[in-house]
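Just below is one structure, and these are the notes that go with it.
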Amino acid sequence: MPSLQSNFLGINSPNPFWLASAPPTDKEYNVRRAFSAGWGGVVWKTLGLDPHIVNVNGPRYGAVWGADRRLLGLNNIELITDRPLGTNLSEIKAIKREFPDRAVVVSLMVPCEEGPWKTILPMVEETDADGVELNFGCPHGMSERGMGSAVGQVPEYIEMVARWVKANTRMPVIVKLTPNITDIRFPARAAKAGGADAVSLINTVSSITSVNLDTFSPEPSIDGRGSHGGYCGPAVKPIALNMVAEIARDPETSKLPISGIGGITTWRDAAEFIALGSGNVQVCTAAMTYGFKIIDELVSGLELWMEEKGYSSVSDFMGLAVPNVADWQNLNLNYVTKARIDQELCIKCGRCYAVCEDTSHQAIAIRPDRVFEVLDDECVACNMCVNVCPVDNCITMEELKPGDVDLRTGETVDDSYRNWTTHPNNPMARAAE
Amino acid sequence: MSNSRHYSGIVPGRLEPEEYHANFKDLHPPLTGHEAAVAADRCYFCYEAPCIEACPTEIDIPLFIRQIASGAEKAAAKTIFDSNILGGMCARVCPTETLCEEACVREAAEGKPVEIGRLQRFATDALMAIGTHPYSRAAPTGKSVAVVGAGPAGLACAHRLAMKGHDVSVFEARSKPGGLNEYGIAAYKTVNQFAAKEVDWLISIGGISLCIGEEPVDLVRLHELRTEFDAVFLGFGLSGVNSIAIEGANLGNVEDAVRFIARLRQASDLSGIAVGRDVVVIGGGMTAIDAAIQSKLLGAQTVTIAYRGAKQKMSASIFEQDLATSKGVRIVADSRPVKIISEGKSRLVEFERTETTEHGILGTGETFRLPADQVFIAIGQRLEDRFDILDIEGGKICVSGPGRTSMTGVWAGGDCASGGNDLTVTAVAEGRDAAEDIHRLLSRD
């Protein structure tokens, strides 16, 4: 049986699944329920200095739904904890004492001056928490006050604050990054330069989920007006995976531990984040959608997959996908595939035909009795038919073997590797080596 | 106090009042908003969707379901009515399991089609509930058309013609419009006087005058109509019923199923409808099913449908057969009636077992008897013999293309015309298409 035991920055937890700093980790009551359900750790909802902030008293969340009202994306305009600092600190201490085997990391956000950090860090240490996470990510509300993503968008500030924090605490320091920037590598490098022990990402994406067409207010609406919120949930997972990969394959930060966050909903999502270099993962929206019980699926699914693959610990497959993340110019142009439709599985909906005919390459024909057939001489292997087919595995991409002729180009498939850098159409082409 | 369901003979009031209410409630109750949203989300918006092709009126089903899913159910209803102005009734009575829902790709994928019929009802109910008619008439053309019969074919034809700006007079022999929608469909498929309400809503487009209780149109009248109007559409259905030529067929406990169903549909109080304790229905189509189920729901103790051929040859759909058996109706196939017997107090039907051979259905000589206080005959309907001037084919008015009869200026559609399948939705399509053809010809003058 594989072990899910996790050690992230020396912080132990029985599994790599932590709850992210967010509403589910705002109170002792919630965290006790999470730990009782089996979560490996929590990052406590962000603490600030007293007087504590206040939240709006109307709706805080907006949503985007898929079929059957399945929640695909969530945005929130909730700020950091709205309870007194002392209350949170005493609850953190009680929880850590009650669950010594679980990870308890405390998220922090105070003004961008050394004084406030010097004030709050000893108070956190006193709780016996395992580490701190610096919230440089929240894109709404706090950023208007010069905190959250307002810090995370300026690498120099990240480095400066990280350095202050490292200088003033013995605890491991994680810097939480905002995705609301152009190139995630710069804030990650800054965190490293400031001495941070790890980065966690992504925080939420600035967003407006919808507009009320009766009142013309953005949702969630507070008395007829709405503010942009932070977007999260399954919809942001692809954005997060890319940013994690960018940091993991950047030579400057490739050794920097990463706590992966962003739309993790199933064990499979978690495994993907870990494969792209995350040392552990943090979950929020899935728990907020389905409750803490999903930890049973996360743990059992990951365990089963690891057992089937022969991995005995999470570190066995951590980062295995990183070397396979390449720049486009290095993709093999001699790799040729064609769509294949399994007629046994086909339910004849014709969506592949509609997408190919209307928006792609006219490479699917309708034969009598609604038999859909790929035209190899037109198929560019774009994959849209695969993506719109409602039946899993009904349409697949089949690789042409060396020696096969690609009927679209008339060229024989070559088993050598050739990319854009040496392509004759590339004005900057180098001679092939 | 009700009569006991154990009393023999044909008696009313076998059930308690609340039992009638429960038995005859909506077969497919309307979807709630939530149910409709869940059901609509299952549609894949297929390319040239098979469901459209399977619909005789070719409603753009994926479009109307997408409109429901996006919260625009009134737009969805408009999509439906554009193709089928009786989309409300068709949502209730169509055998969707052999039409759109059978063709649904999710039937192929999961054996569970999108609930197209109920979604159609959800949309049409929403638009009809606001009480205003969604179509307006084109500028008057000065042309007039006579429509004979206010059933689904005639109403669809009249509406389309009125919309095009023609003046339409609808002549109906019965005391209410609606045809089989009003008189023929099982009560639990169209509750709360929906058929009558739908006609009121349909003719509220204007330009349609309804002449109710007219003498049935005969040859002389047809010639008059041809003179008085620019075109004539015949949609009077099949008013004759096939009788059964066996001994005892004229006994007092034998009735046409069609008449029984019409009586039931027009009853204001179902407890007043008398029904036998032991009922036998002879036939194998939808009328037989409707008569049998409703007999059972009125409190008959045993109800048997006897069909002369093999079970798979019955024209009633599997869904309808299953519905009947789920209500406690027994279906006995391969049995043809020999005689109806009245001996003292006992009433029986004697059957001969049959087998289907390459030479047709043959008797085996083996007989059996079923007790039958009441016998319903449901072996088909036929055209009354009134129009021998028109070409007749297979007992129906011969039509070609969009309902053209052999007589210039006379169109026909619905059950009285050749080529259909006795479904409401097919009658609507034929009435609509004939109207378009009439309009084309009248516009040419």
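When reading the values below, keep in mind they use all heavy atoms of this one structure, side chains included, and skip hydrogens, waters and symmetry mates. All figures in this text were calculated on a predicted structure; none of them were measured in a lab.
Scanning residues 283-293 of chain A against chain B with a 4.5 Å non-hydrogen threshold yields no residues. Listed in order of number, the residues of residues 344-376 of chain A that approach chain B to under 4.5 Å between heavy atoms are A:I347, A:K348, A:C349, A:G350, A:R351, A:Y353, A:A354, A:I366, A:R370. Listed in order of number, the residues of residues 78-88 of chain B that approach chain A to under 4.5 Å between heavy atoms amount to none. Heavy-atom proximity under 4.5 angstrom to chain A picks out B:A108, B:A109 from residues 108-121 of chain B.
In the displayed structure, A:K309 atom NZ is contacted under 6.0 Å by at most 12 heavy atoms of other residues, nucleotides or ligands. Enclosure of atom CD in A:E307 by more than 12 non-hydrogen atoms of other residues, nucleotides or ligands within 6.0 angstrom is indicated.
Neither the backbone nor the side chain of B:E107 comes within contact range of chain A; no heavy atom of the residue lies under 4.5 Å from a heavy atom of that chain.
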